[in-house]
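Each remark here refers to the structure printed beneath this line.
Only heavy atoms go into these numbers, but all of them, side chains included; no hydrogens, no water, no symmetry mates.
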Amino acid sequence: MTDQRFVHAQWSSRLAFILAASGSAIGLGNIWKFPYLTGENGGGAFVLVYLLCVAAIGVPIMMAETLLGRRGRQSPINTMLSLAETAKASRLWQYTGWMGVLSSFLILSYYSVIAGWAMAYILKMNSPMFAQISPETALRFFDEFRTDPQIQVIWHSLFMIATIAIVSRGVSAGLEKGTRYLMPALLVMLIVLVGYAIGSEGFGQGVAFLFLPDFSKLSGESVLTAMGQAFFSLGLGMGSIMVYGSYLPRHVSIARSTILVAAADTAVALLAGLAIFPIVFSNHLEPGMGPGLIFQTLPIAFGAMPGGAFFGSLFFVLVFFAALTSSIALIEPTVAWLTENRGLSRGAASAWSGLVCWGLGLGSLLSFSSWSEVTFFGKNLFELLDFLTADIMLPAGGLLVAVFAGWVLNRKDTEEELEMAEPRSYEAWRFLVRYAAPTGMGIIFLKALGGI
Ligand code: PHE
């Protein structure tokens, strides 16, 4: 079915795929973005909508995206094209792949800026001023950092260089091994932080904020943000999971692997929330502080702990690695396309894509300081890019994937690819991608536009 020239390498095992896919899923989206969005959007009701979106829209679409990748076995653009041709459908489907490449570019540009913040905090946590730091000092410290573009450019550049260095070597064995230890280590660190949070006076309030829904706080835009966050956090709708699926050996169960990845991703996000909100309430801070939330709150917890400088640095090292495994997934669709279609070497493809993303990232970087007043529709450049990619382009890409897998591909192909033991599970998946997910997404889009 596919042109054999394009057949990629394959993962060594199911575990390798699960690790890579969770590496792509678990990142800044869970630790940095989920808590601050939850804080800005009023807590429990937002979390509930987010969880529903993960389960009813995210998981079935993740299965669909993975199966398209394994069926096509090429970069997302070529996969969509060749699958559309085989199904005698329009060649326009390849633009799903193109949109994915564009979203991944735009996301990586600001992702690298925030990952640079995490890198900077690895060193900062060792500064003596963090011992027993007061909430006011933690806030002021972050503000000084946020408004100093020069320092941020250095970290943004270093992060991009690290991404290019790894991606240019291919889906590196070292990284595969690294992820195996670093992801569990991150989980342990988060559990330690939650342990600290349990002992704090704001724990009850933090848990209530996260899990008690107050629907009066939920606007149409919050619902859209929750859905966008589900896509962003799972790493869906832009082709990375499709690329990873294309490396997946035939015998591996797509359903079981993707459910596991989605569960791990959700667990990490909830743990991050459970670690952060008790600190927010114990110190009488504002949950809706915005993108600086983890940088303003976690140092307070580390500062109060014995060995806090060490654990604080270690935590940000782990966040840095989590961001790195996601940034690799973000750049991979472009690199795969440049090597397949433009004949570039992996090194050149990675360097060029990285450079373009780096340049774009400068705009977001400045929107935290000198360009903060430059706004479009009330959003600064970072907020605008984030809104366009996470809330619009990723769900739109996911919707196209669902429609393609549910309506364009024939039933036999998807059934064969998913190979589910239980016929009822296959029917449930098919119902979700054909009807439930597209309808749910349509309603959310309309609601956000104020249509209903
Ligand atoms: N899922 C990643 C995170 O949560 C970000 C990402 C988005 C990765 C889209 C790949 C694709 O940080």
Side-chain angles (χ1 to χ4, degrees), residues 6 8-9 20-21 23-25 27-29 65 69 72 74-81 94-116 119 152-172 174-176 232 235-247 320-365 381-382 385-386 388-390 393-394 397:
F6 291 135
H8 295 264
S24 146
L28 296 174
E65 199 174 321
Q74 299 160 56
S75 74
I77 296 171
N78 294 332
T79 284
M80 290 307 288
L81 186 60
Q94 65 175 306
Y95 289 100
T96 312
W98 281 108
M99 188 171 71
V101 167
L102 183 64
S103 349
S104 65
F105 248 89
L106 299 177
I107 293 178
L108 184 56
S109 72
Y110 67 78
Y111 202 83
S112 167
V113 175
I114 311 295
M119 284 171 89
Q152 292 179 63
V153 170
I154 298 177
W155 292 109
H156 168 49
S157 313
L158 285 176
F159 184 77
M160 206 53 104
I161 290 171
T163 304
I164 296 172
I166 291 172
V167 175
S168 59
R169 296 214 176 89
V171 183
S172 118
L175 197 83
E176 222 182 275
F232 185 92
L236 288 186
M238 47 137 288
S240 344
I241 288 293
M242 209 186 278
V243 176
Y244 283 2
S246 76
Y247 304 131
F320 160 65
F321 275 106
L324 201 56
T325 51
S326 299
S327 69
I328 288 162
L330 282 163
I331 208 170
E332 187 62 31
T334 316
V335 171
W337 182 80
L338 284 172
T339 48
E340 276 171 20
N341 289 47
R342 289 284 168 265
L344 259 59
S345 68
R346 272 197 81 86
S350 324
W352 278 112
S353 348
L355 193 69
V356 175
C357 282
W358 177 84
L360 275 174
L362 294 179
S364 296
L365 191 152
L381 195 61
F382 157 73
L385 272 181
D386 184 40
L388 275 181
T389 51
M393 292 167 77
L394 296 185

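At least one side-chain heavy atom of His156 sits less than 4.5 Å from a side-chain heavy atom of Leu362. The closest side-chain heavy-atom distance from Pro76 to Val243 is below 4.5 Å. For the pair Leu324/Phe159, a side-chain contact is recorded, criterion being any heavy-atom separation below 4.5 Å from C-beta on. Gln74 is not listed as a side-chain neighbour of Trp337, based on a closest heavy-atom distance of 4.5 Å or more. The closest side-chain heavy-atom distance from Met393 to Met238 is not below 4.5 Å. With a 4.5 Å cut-off on side-chain heavy atoms, Cys357 and Met160 count as touching. Annotation: side chain of Val101 is in contact with side chain of Ile77 (closest heavy-atom distance under 4.5 Å).
Closest non-hydrogen pair, Ala323 versus Ala115, comes out as CB-CB, 3.9 Å. When all heavy atoms are compared, the tightest approach of Gly347 to Ser168 is CA-CB, 3.7 Å. Leu355 approaches Ile164 most closely through the heavy-atom pair N-CD1, 4.4 Å. Listed here is the closest heavy atom pair of Gly361 and Val113: O-CG2, 3.6 Å. Nearest approach of Tyr111 to Gly29, heavy atoms of both residues: OH-N, 4.2 Å. The minimum heavy-atom distance between Ser240 and Gly235, with the atom names listed, is OG-O, 4.2 Å.
In terms of the side-chain contact (heavy atoms from CB on, under 4.5 Å) criterion, residue partners of Ser109 (sequence neighbours excluded) are, by chain and number, Leu360, Leu385. Scanning for side-chain contact (heavy atoms from CB on, under 4.5 Å) contacts around Ala322 gives Met183, Leu186, with sequence neighbours left out. Residues forming a side-chain contact (heavy atoms from CB on, under 4.5 Å) with Ile154 (at least two apart in sequence, or on another chain): Leu158.
Note: Phe232 and Tyr110 have parallel aromatic rings, judged against thresholds of 30 and 60 degrees for the angle between ring planes.
Atom CE of residue Met80 and atom CD of residue Gln94 lie 10.0 Å apart, to the nearest 0.5 angstrom. We find the CG-CD1 distance between Leu236 and Ile241 to be 6.5 Å, quoted to the nearest 0.5 Å. Once rounded to the nearest 0.5 Å, the distance linking CG of Leu28 with CD1 of Ile107 reads 11.5 Å. Atoms CG and CG, on Asp386 and Leu381 in that order, are 11.0 Å from each other to the nearest 0.5 Å. One finds the CG atom of Leu338 at 11.0 Å from the CH2 atom of Trp352 (value rounded to the nearest 0.5 Å). Between Glu332 atom CD and Ser350 atom OG the span is 8.0 Å, to the nearest 0.5 Å.
Between the Arg346 side chain and the Arg169 main chain, no donor and acceptor come within less than 3.5 Å of each other. Proximity of a side-chain donor or acceptor of Ser345 to a complementary backbone N or O of Thr339 within less than 3.5 Å is not detected. At least one donor-acceptor pair under 3.5 Å links the side chain of Glu65 to the backbone N or O of Gly237. The main-chain N or O of Ser24 is never found under 3.5 Å from a side-chain atom of Thr325 such that the two would form a donor-acceptor pair.
Leu108 pairs in a side-chain contact (heavy atoms from CB on, under 4.5 Å) with only one of the listed residues (Leu330, Thr334, Thr389), which is Leu330.
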